[in-house]
Visitor: 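Let me give you the structure first, and then I'll get to my questions.
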Amino acid sequence: MIEIKNIHKVYGSGAEAFTALNNISFSIDEGEFVAIMGPSGSGKSTLMHILGCLDTPTSGTYKLDNKDVSTMTDDELADIRKDKIGFVFQAFNLLPRTTVLRNVVLPLVYAGVPREEREKRAIESLVAAGLTKEHFTHLSNQISGGQIQRVAIARALVNDPSLILADEPTGNLDSRTSLIVLETLQELNRKHGRTIVLITHEPDIAEHADRIIKLRDGDIVSDEKNHSVRNAEKEGKLYE
Amino acid sequence: MNKNDILEETYAALRANKARSGLTMLGIVIGIASVIALMAVGTGATSSITSSISSIGSNLLIVTPGATKNFGFGAASARGSAQTLTVEDATAISNSISNISGMSVVVSSRTQVTTKNSNTNTSITGTDPSYPGVRNVTLSTGNFISDENVASIAKVAVIGPTVLTDLFGTDAVDTDSIGQKVRISGSQYTVIGVTKTKGSSGSSNADDIIYIPYTTAQRYLSGNKYLSQINVSAASSDSMTQVQTDINDLLLTRHKITDSTKTDFSITNQADLVSTLSSVTSTLTYLLGAIGAISLLVGGIGIMNMMLTNVTERMHEIGLRKAVGAKKKDISIQFLAESVALTVVGGIIGIILGCAIAYVVNWSGVTKTSVTLSSVLLAFGVSAVIGIVFGWYPAKRASNLNPIDALRYE
């Protein structure tokens, strides 16, 4: 579903050129839950931007659903983001002073979904993200950090994207709330078969994914299945 | 995004910052209101001037002695003081020129007038019975000068309402003065009529006047056979030019003048006078409008300032919208809609306020005002254009933001 081949990303030019990504190749299948992990400066944010069609690589190809998106224009990328990608950011996820419901409806507005259908779909994804009815009419500044991230997940889901991209979704949360958010993502992956890419610098957050790609200085240093997943698979305990 | 979405977003965004939106809108409100009110004052001035010119008569041509064209550096002799026009000229005009509906001669002077108890200095117009028809004078009581009065060089006077109050007191009723004697330049005159008020036009007060037969004026006041004015009213406004040319040709022939630049008379066309004065007042109107437009421009800059602040403040929102699929066009339309909404709503309030100011000024009697549909449409159009022009740059800036930078903006 995601096929990345020989991706380079170079910022600047000449002597000041900085290579953020150096010949990255990997692929992600539908239904996978992948963590991209690395310290700051490893190139994971750059990779996230390319995966999220917010940026294009300097060279190399990126195929999303068999479509080459690596050479698209800004507006074409906007269309891809609208139809195929759902974002969960670390911060500034929601429109200020706007109701939860309206925040989730937002992608549908740009997707041109008819008005009467929007609310229905927004409520479905809010429920899927573990929120209850009393939250729907709350303003975005009236809810807790954990709830904000779950609203963001609901919004990422609402237009039925191929890929959910979560960029440090727990970066601003305490560990207990982080767990709830991560469990929400896991549930979406396992119960609904959503493809999720989680970007993080914390190993214990990455542990929630099934596969971990580790980056360092713009290179992939490892790409392997999660230990716990492998163990669980062996013991057949995964879907208890 | 469809129209309803844009309207909803715009409403929400403007509501979110009520104070700022309101103050920015106030700039446009004041700008539009001043354009409307100032142009109403200008238009009102124009219409009151043209109507007062029209009140002196319709399709009027006034022939006066002396040349208006003045070459060289000598001072022009005052019009009317030269002695070139005669009653024969007037008779020739009324006999030989077509498309004339009325003709009246005038011998004017200014002198002291006294009664037993009071006196006044007023203008004396010696004229004939056709004067009221040519110059739109109507009588309030009594009679105007008759042909017999002219023929018999009668000492009779028709007085204007200002003269009436000056001579007979502010409480005087028209009929009180009929049959009374007034003394003009040493002779007794009997009042036979009082005119209705015409109001003052410019510097001259059309009501501060005494009419006597022109023959009487020639004998007792000017002492010669010349005329100060020949008033001719053309049959229609279309024929005014023809009548003017014909009178000019006739008088040139009668006065044996071959060089048409050295005339000893001049002809004032009422229509020319109206168009000259109304071009002056319409320039005034535009000037006033321009003053209003400056405040409108300042208001527009206020809009731009607010929208630029908005773009910076809502950087994350823009990034987020782009991340979830908003195209450049979606973002720029959203921001443009906000500035246009501000100017259009501000424009509507400004139009209402401007009309109210014009109404109050009119009502207070300071000056006549008249709000024209064209100034309202112009103001409304201008306010919408200002929204687009001053909103365009901030909208462009918002739409060109890179979503990554916008999301990361601290």
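Chain identifiers are assigned alphabetically (A, B, ...) following the order of the sequence lines, protein sequences preceding nucleic acid strands; residue numbering begins at 1 within each chain. No hydrogens, no waters, no symmetry mates; every other heavy atom, side chains included, goes into these values.
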Visitor: Flag the one option from R115(A), K82(A), Q90(A) with the top tally of heavy-atom pairs under 4.5 Å to chain B.
Guide: R115(A)
Visitor: With rounding to the nearest 0.5 angstrom, report the CD to CZ distance, E317(B) to R97(A).
Guide: 9.0 Å
Visitor: Is it true that, when you exclude E134(A) itself, more than 12 heavy atoms of the residues, nucleotides or ligands shown sit nearer than 6.0 Å to its CD?
Guide: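 Above 12, so yes.
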Visitor: Please tell me if the side chains of D79(A) and K327(B) come closer than 4.5 Å, counting only heavy atoms from C-beta onward.
Guide: yes
Visitor: Take a 6.0 Å sphere around CG of N66(A) and say whether it holds more than 12 heavy atoms from other residues, nucleotides or ligands.
Guide: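 Not buried by this count: 12 neighbours or fewer within 6.0 Å.
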Visitor: Is chain B contacted by the side chain of T98(A), its backbone, both, or neither, given a heavy-atom distance below 4.5 Å?
Guide: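 For T98(A), there is no contact with chain B at all, as no heavy atom is under 4.5 Å.
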Visitor: If you define the side chain from C-beta out and look only at heavy atoms, does anything of E313(B) sit under 4.5 Å from P96(A)?
Guide: no
Visitor: Tell me, side chain or backbone of R314(B) under 4.5 Å from chain A's heavy atoms, or both, or neither?
Guide: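 Neither part.
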Visitor: Considering only heavy atoms, which portion of I80(A) lies under 4.5 Å from any heavy atom of chain B: side chain, backbone, both, or neither?
Guide: neither
Visitor: Under a 4.5 Å cut-off applied to non-hydrogen side-chain atoms, are H49(A) and L407(B) in contact?
Guide: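 Heavy-atom side-chain distance check fails, nothing below 4.5 Å.
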Visitor: Find the one option among G52(A), A156(A), P161(A), P107(A) whose heavy-atom pairs under 4.5 Å with chain B are most numerous.
Guide: P107(A)
Visitor: Is it true that R118(A) and D5(B) make a salt bridge, defined as a side-chain N closer than 4.0 Å to a carboxylate O?
Guide: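 Between D5(B) and R118(A) there is a salt bridge, with a charged N closer than 4.0 Å to a carboxylate O.
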Visitor: So for R408(B), is it side chain, backbone, both, or neither that comes closer than 4.5 Å to the heavy atoms of chain A?
Guide: side chain
Visitor: Atom OH of residue position Y11(B) - does it have more than 12 heavy atoms of other residues, nucleotides or ligands inside 6.0 Å?
Guide: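 Result for OH/Y11(B): open.
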Visitor: I'd like to know which of A78(A), C53(A), A111(A), G112(A) tops the heavy-atom pair count under 4.5 Å against chain B.
Guide: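 Ranked by contacts with chain B, first place is A78(A).
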Visitor: Would you say E9(B) and R102(A) make side-chain contact, with heavy atoms under 4.5 Å?
Guide: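 They are in contact (side-chain heavy atoms under 4.5 Å apart), so the answer is yes.
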Visitor: Given heavy-atom pairs under 4.5 angstrom as the criterion, report whether the side chain, backbone, both or neither of A12(B) touches chain A.
Guide: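 Contact with chain A: none, neither part.
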Visitor: For a quick test of reading the model, state the closest non-hydrogen atom pair linking A326(B) to R81(A) and the distance between them.
Guide: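 That would be O-NH2, 4.4 Å.
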Visitor: Locate the shortest heavy-atom distance separating D55(A) from I404(B); write the atom from each residue and the value.
Guide: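 Between these two residues, the closest heavy atoms are CB-CD1, 3.7 Å.
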Visitor: Within a 6.0 Å radius of atom CZ on R216(A), are there more than 12 heavy atoms belonging to other residues, nucleotides or ligands?
Guide: no
Visitor: Considering only heavy atoms, which portion of D75(A) lies under 4.5 Å from any heavy atom of chain B: side chain, backbone, both, or neither?
Guide: both
